[in-house]
Each structure stands twice: as structure tokens, then as C-alpha cells.
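Below: the structure, in C-alpha cells.
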Protein chains: 2
Amino acid sequence: MMSVTIKDIAKAANVSYATVSRALSGHSEISDKTKKKIRKLAKEMGYTPNAIAKGLVTKNTKTLGFIVPDITNPFFPEVAQGVEDCANRNGYQVFLCNTSWKLEKEKQYLKALYGKRVDGIVVSPTSNDITHLVEADRNKVPVVFAAYRPAIADCNFVATDDYKSAEIAAEYLLKLGHRKIAYIGGQQESCTNKYRLKGYTDVLKKHDISLSPSYIKHGAFRQQSGYQLTKELLIANDVPTAILAGNDIIALGVIQAIEEFGLDVPNNISVVGFDDISFASLDKVQLTTVFQPKYTTGELCVEVLLQKIKDGDQNPTHKMLEPELVIRRTCKGI
Amino acid sequence: MMSVTIKDIAKAANVSYATVSRALSGHSEISDKTKKKIRKLAKEMGYTPNAIAKGLVTKNTKTLGFIVPDITNPFFPEVAQGVEDCANRNGYQVFLCNTSWKLEKEKQYLKALYGKRVDGIVVSPTSNDITHLVEADRNKVPVVFAAYRPAIADCNFVATDDYKSAEIAAEYLLKLGHRKIAYIGGQQESCTNKYRLKGYTDVLKKHDISLSPSYIKHGAFRQQSGYQLTKELLIANDVPTAILAGNDIIALGVIQAIEEFGLDVPNNISVVGFDDISFASLDKVQLTTVFQPKYTTGELCVEVLLQKIKDGDQNPTHKMLEPELVIRRTCKGI
DNA sequence: TTGTAGGCGTTATCAT
DNA sequence: ATGATAACGCCTACAA
């Protein structure tokens with residue numbers, strides 16, 4: 001499996017390999033005749049340019065990295081789609097890396113991605129510990145956070161306003177007459193979770209509703225976690241009339257638990273999620289949720305990244321997207 | 001953003017850069033003292049080895065490519081998870097590429113992946129035109145097909161027996177008393193589809209059931225397609241009592257269409273899918289389907305690939321996995 | 001144990 | 001228009 005190089009072609013064409021390089025790249029001036037001849041030859045010989053050798057000298061690889069915490073949550077594939085499409089449109093490719101919510105893997109991937117000298121990195125961080133990412137952005141390669149709003153200011157990010165999302169959801173539940181609203185979150189430390197939690201608590205406070213600590217539970221952004229925590233919640237004394245789930249897949253677990261418990265959604269308990277993953281709109285599911293522009297998030301991240309790459313601009317770019325309440329059939333007034 | 005190289009470290013440590021290389025790689029023998037000193041220095045200076053330079057000389061990049069047709073279908077993320085985990089365990093990383101069912105993109109990615117000199121490629125092909133993939137396998141880089149059984153023999157693949165899967169599903173429906181069974185497939189040309197279709201038709205033939213051509217429809221492996229085709233099917237005169245869907249997401253669309261049409265699943269029409277994606281087991285969905293070992297498929301693909309990479313074995317490896325009927329609540333006897 | 005030097009496949013800068 | 005040749009950052013004989 002010896003691959004053919006520019007030198008092989010040069011030999012076959014009886015020219016210097018510099019000429020071959022020129023013929024193939026098309027940058028420098030070269031006679032049309034030899035250009036055609038060489039290109040034809042290259043094709044015949046099955047030549048594929050060695051991008052890594054090229055990258056070594058040009059210092060750019062035309063590839064981006066996208067680090068996600070959970071490829072299994074439909075939220076991320078949709079963002080990834082946006083990342084990829086936008087990258088492709090601009091002649092870039094993307095390295096999709098999945099951390100399975102493991103910080104260690106995130107660090108490994110970051111290192112590996114930089115080792116491969118990707119031109120930029122989009123990342124939905126796994127935890128709130130983002131020092132390695134910030135450090136990389138400052139010294140090595142442009143980084144933009146996707147669907148995540150870092151606590152520190154001088155980072156690039158494009159995110160949907162999580163605080164506002166939670167406000168909208170909580171206000172909606174309140175308007176429906178609910179007063180006993182529980183919150184089943186994902187990872188407690190996660191930024192997304194913090195903003196959503198705060199949006200929720202602030203709204204309740206504003207309406208003078210006391211927060212029962214037993215109504216706030218944290219686990220992971222996973223269906224299983226939502227299921228488990230809801231079971232615990234229901235077994236305890238005071239059953240809420242509504243549950244705000246940390247995201248849609250948690251919501252799916254929440255609903256599962258409620259129904260297994262013998263209660264009905266929405267007749268006994270209303271449920272609202274976040275994200276609006278495609279399965280939320282299934283006839284069978286019809287989950288009321290707060291939409292997040294996933295595809296757009298991915299696209300914008302890449303746009304920001306390419307901008308940074310192009311002009312080396314170090315000033316942080318922030319893009320806040322608007323959430324949107326999608327009312328379906330998992331909520332009911334009381 | 002000038003990155004620090006082995007030479008910078010050499011200068012700082014006042015040694016030759018070969019020494020630094022040795023200290024860092026750990027292969028050659030070197031005094032413990034200088035090794036420690038240099039490693040410490042490297043860390044302090046924020047050195048990240050340039051994998052592309054390294055790859056240029058070592059001829060291997062410790063990275064694999066995984067080309068999928070639709071990252072948005074939960075089937076593929078699950079396979080990807082297996083691919084990734086197995087790759088990681090063995091010190092490899094994976095480049096996940098999404099073609100959105102576009103042959104052109106598949107070709108581009110293949111070229112790009114090879115350009116980056118990945119050590120091997122796992123691919124779930126987008127269409128039945130796999131000549132470019134086969135050619136690559138023969139001349140450039142080991143390729144193994146995932147969840148796909150090529151028509152030609154000398155390719156590597158790991159797949160679930162699609163023919164058998166369809167047999168199982170059709171037999172089940174038959175046992176339930178169904179005689180009017182429609183098939184709503186994905187891309188007609190796709191190999192997967194062909195095997196499933198054949199399994200279905202063979203079983204019906206075996207039981208002397210005549211096949212109405214209007215009962216066989218093809219589109220894409222997408223929810224929307226299943227929805228659309230089912231609408232067409234139901235509008236036509238002779239409504240079937242059961243529908244075999246090309247895969248689970250098609251099945252979801254099928255169910256949606258049936259219910260919108262005012263009919264009930266499973267009381268009026270039974271539905272069975274393929275794959276057993278995670279959402280199929282949702283309480284609200286409870287889709288009867290034929291399970292495919294997705295994660296295992298991914299793992300095995302990588303194992304096969306690594307084997308090929310290690311010993312350069314050119315003999316094709318075939319692995320057939322066993323499907324399994326998962327009975328839930330979308331089928332009913334008549 | 002350490003240093004020197006050649007080479008990996010390109011691009012780019014000189015000459016010619 | 002084309003040919004030498006020096007990088008790019010790293011590895012690895014071969015020497016010392």
C-alpha cells in the first residue's frame with residue numbers, strides 16, 4: 001500500500017517535483033500543456049495529496065474539531081449537523097469527538113485535536129471546569145463554546161439564553177395555575193443547569209412561592225437519571241403538580257417514571273423540557289418544551305471560528321440566541 | 001500563537017533536539033536525569049507534540065475515520081459509540097463524518113480521510129455504489145463496512161443479518177394472523193433494504209400469500225418518508241392490517257401517519273420496525289422491532305480494522321451478527 | 001548516553 | 001515556465 005507521491009509523478013513526467021506541485025496546486029503560473037499532462041498523469045497513477053505533509057508547511061489543516069459530551073442525545077447531532085454543513089461550505093472538515101460526559105476524555109481529545117493542529121475547535125463542555133479549554137484558546141487554537149455560556153467573559157460562545165428559557169417555562173407553568181413545581185436537573189455543576197435552575201428559582205421567588213428543597217434534584221442529562229430522580233421524588237410525601245426537566249431526554253425519563261407510578265401526564269402532573277429534540281414532536285410524545293436553535297448554534301459557532309481563524313481576532317465574540325416555548329400536550333392547567 | 005517545538009525545548013535545555021525527542025518518546029535509552037529534566041521543561045513550556053509532523057515520518061496517525069449517512073438517526077450514534085470506545089481503548093481516535101445520504105459527500109470524505117492518512121476507515125455506505133470504497137480498501141487504506149453487507153465478497157464487513165431480520169419480523173406478523181402486510185422501505189437501492197425486502201417477500205411467498213405491488217413502497221430511511229408513504233398507502237383502496245417498516249425511524253413516521261388517518265396502532269394496524277433504537281422502548285412508543293447489536297457492530301468493526309492494520313492481512317473478514325425480535329406493543333393478533 | 005544528519009511529502013523562495 | 005533547494009517538526013540510524 002505504498003502511496004504515490006509528487007516525486008513519483010515527477011519522475012514519470014520527467015519534470016522536477018516543484019513543477020508537479022505547481023501543476024497540481026494551480027497557484028503559480030505554469031504552461032497549460034504541462035499542467036494538463038501532469039494532472040492527467042496524477043489521476044492515472046491514483047495520486048492523493050498528502051494533507052499532513054501539506055499541513056506541515058502551510059500551517060493549516062482545513063479541519064475543525066467538535067467536542068460533544070453525548071452523541072447519543074439527539075440534541076448534539078443536530079448541532080453537529082449545523083457545524084458540519086457550515087464547515088463544509090467553507091472547505092473545512094470536522095473531527096467529531098464524544099466525551100461521554102468524561103472530563104478526562106475531554107482533555108485527551110483537546111490535546112489530540114491540537115496535536116493534529118486543527119484550525120479551530122467547537123466545544124460543548126462536559127463540566128464547568130473549562131480551564132484547559134480557555135488556556136488552549138489563549139495560546140494555541142481558537143475555541144468557541146457551543147450551547148454553553150462560560151462564567152468568565154473573555155471566551156467565545158454561542159448559546160441560547162438558558163436563564164430566559166427557564167423563566168419562560170416557569171412562567172408558563174405558573175400561568176397554568178401550578179404552584180408546586182419541581183425541578184429535575186442534569187449535572188448540578190454544569191453551567192447550563194445553573195442558569196436554568198436560577199431562571200426557575202427566580203421566577204418562583206418573584207411570585208412569592210416558597211421553594212421546597214426536596215423539589216430540586218440533580219443527576220445527569222440522561223433519560224435514566226430523570227427516571228430515577230422522579231421515582232425518588234414521587235415516593236416522598238408531597239407530589240408536585242408540575243415538573244421542569246433539565247432537558248428533553250430527562251423529561252422523557254420523568255414521564256416514564258410518572259406513568260409507571262400510576263399517574264398521568266398531563267392530568268396529574270405537567271411536564272416541560274428544554275431543547276425540543278426531534279422526538280419531542282412525535283405524536284406519541286408531544287412534549288411541551290423550550291426550543292433551542294440547535295442547527296443554528298452549530299452554524300454560528302463555525303462562522304465565529306472561521307472569522308477568528310481568518311483575522312486572528314482575539315476579542316471574545318458572544319452570541320445569545322432566543323429560546324421559544326413550544327406548547328404541546330404534556331402540560332395542563334389546574 | 002507560535003507553538004513550541006522540540007527545538008525550542010532543546011535550546012532551553014541546552015541539549016540536541018534528538019535528545020529531546022528521545023526523552024519525550026521514551027523509546028530509546030536515555031539517562032533518567034535528563035529525561036525528567038526535559039519532560040518537566042516540556043510541560044512548563046506548554047509543549048504539544050505535532051502529530052502531523054510525527055505522522056509524516058512514522059506513517060501512521062493513530063486515527064480512524066467513521067463515515068455515516070445520517071448522524072441524526074439514533075442508530076448511528078450508537079454504532080459510533082462502539083467505534084469510538086473500542087478505538088480509544090486501543091489508543092486511536094476517530095474522525096466522524098456525516099454524509100447526509102449524499103454519495104458525493106461520501107466520496108469527498110473518503111478522499112479527505114485518506115488525504116489525512118487515517119490508518120483505517122469504518123463506513124456505513126450511503127448507497128449501493130461502493131466502488132470508491134472498495135478501491136480505497138484495495139490500494140490505500142483498510143476499509144470495513146458497518147451494518148452493511150456488500151454484494152461482492154472480498155470486502156470486510158460486520159453486519160446484522162438483514163434477510164433473517166425481515167424473516168423473523170414477517171413470520172411474527174404471520175403468526176399473529178396477518179395476511180395483508182405492507183412494506184414501507186428506505187432507499188430502494190440500498191443493500192440493507194434489498195435484504196430486508198427479500199426476507200419479507202420470501203416469507204410471504206413461502207406461505208402462499210400473493211404480494212400486492214401497491215403494498216411495497218420505497219423512499220428514504222427517514223421519519224418523514226415513512227410518514228409520507230404511509231399516507232399514500234392508506235389513501236389507496238386496500239388498507240393493510242400490518243406494516244413492516246424499513247427501520248425504526250421510518251416506523252415512527254408510519255405510526256404517525258396511521259394515527260393521523262384516524263386509525264389505531266395496534267388495533268387497526270400492526271407495525272414493526274428494525275434496529276431497536278433507544279426511543280423505541282419509550283413508554284409512549286413501545287415499538288415492536290427487530291434488535292440489531294449496534295454498539296457491538298461498532299466495536300467489532302474497529303477490532304477487524306485494527307487487525308488489518310497490524311498485520312496487513314488482505315483477506316476479507318466477514319462478521320454476521322444475530323438479530324432479535326423485541327416484542328412490545330405495536331402489534332396485535334387478528 | 002548524547003549529538004549529527006538524512007528523510008518523510010509538501011510548499012515556497014530563490015535562481016535559471 | 002521550470003528547476004534547485006530550503007524549510008515545516010519530528011524520528012532514527014549512525015557516529016561519537
Side-chain angles (χ1 to χ4, degrees), chain A residues 1-39 41-42 45-63 111-112 114-119 140-141, chain B residues 1-39 41-42 45-63 111-112 114-119 140-141:
Chain A
M1 295 223 190
M2 211 43 229
S3 47
V4 5
T5 76
I6 223 170
K7 286 187 182 173
D8 300 324
I9 301 177
K11 212 172 292 171
N14 218 347
V15 295
S16 78
Y17 63 85
T19 304
V20 177
S21 172
R22 279 187 277 253
L24 263 22
S25 67
H27 293 317
S28 322
E29 54 251 341
I30 188 172
S31 84
D32 240 42
K33 210 182 74 187
T34 47
K35 183 151 96 181
K36 267 183 192 154
K37 184 179 87 179
I38 289 174
R39 290 205 167 173
L41 203 54
M45 299 175 67
Y47 170 74
T48 315
N50 185 323
I52 95 172
K54 180 172 175 175
L56 192 55
V57 14
T58 61
K59 300 287 189 189
N60 63 250
T61 53
K62 288 286 181 184
T63 107
K111 197 176 286 182
Y114 179 63
K116 296 202 164 53
R117 296 299 186 269
V118 295
D119 298 332
K140 305 187 163 169
V141 52
Chain B
M1 293 223 191
M2 213 41 229
S3 46
V4 5
T5 77
I6 224 170
K7 285 189 185 175
D8 299 325
I9 301 178
K11 212 172 292 170
N14 218 348
V15 294
S16 79
Y17 64 84
T19 304
V20 177
S21 171
R22 281 187 276 254
L24 262 22
S25 68
H27 293 317
S28 321
E29 54 250 341
I30 187 173
S31 84
D32 240 41
K33 210 181 75 187
T34 46
K35 183 151 96 179
K36 266 182 193 156
K37 184 178 88 179
I38 288 172
R39 291 204 167 174
L41 203 54
M45 298 175 68
Y47 170 74
T48 314
N50 185 325
I52 94 171
K54 181 172 175 176
L56 193 55
V57 12
T58 60
K59 300 286 188 190
N60 65 251
T61 53
K62 290 286 180 182
T63 106
K111 196 176 287 182
Y114 178 64
K116 294 199 165 56
R117 296 298 187 270
V118 295
D119 298 332
K140 304 189 165 170
V141 52

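The chains referred to below are lettered A, B, ... by the order of the sequence lines, with proteins before strands, and numbering in each begins at 1. Below, all heavy atoms of this structure are taken into account, side chains as well, without hydrogens, waters or symmetry copies.
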Might you point out which heavy atoms bring Lys37(B) and Ala13(B) nearest each other, and give the distance in Å? NZ-O, 3.6 Å
Can you check each nucleotide of nucleotides 5-12 of chain C against protein heavy atoms at under 4.0 Å and return B for base, S for sugar-phosphate only, - for none, in 5' to 3' order? -B-BBBBB
Here the distance between atom C1' of dC10(D) and atom NZ of Lys116(A), to the nearest Å, is 15 Å
By side chain to side chain donor-acceptor pair (under 3.5 Å), which residues pair with Ser16(B), not counting sequence neighbours? Thr19(B)
Here the pair of heavy atoms bringing Ile6(A) nearest to Tyr47(A) is N-CE1, 3.8 Å
Answer with yes or no whether the side chains of Lys116(B) and Thr63(B) bring together a donor and an acceptor at under 3.5 Å. no
One should report the stems of DNA chain C, each a stretch of at least three consecutive Watson-Crick or G-U pairs at distances under 3.5 Å, as C:1-16 with D:1-16
Grab the CG-P distance between Asn60(A) and dG9(D) for me, whole Å please. 14 Å
Minimum heavy-atom distance Leu56(B)-Ala53(A), with the two atoms named: CD1-CB, 3.7 Å
For Val4(A) against Gly46(A), the heavy-atom pair lying closest together: CG1-O, 3.8 Å
If the cut-off is 4.0 Å, is Thr19(B) near the phosphate of dG3(C), judged by side-chain N/O to OP1 or OP2? yes
Contact between Asn50(A) and Thr5(A) at the side-chain level, heavy atoms closer than 4.5 Å - yes or no? no
Tell me if a side-chain donor or acceptor on Arg39(A) pairs with a main-chain N or O of Ala23(A) at a distance below 3.5 Å. yes
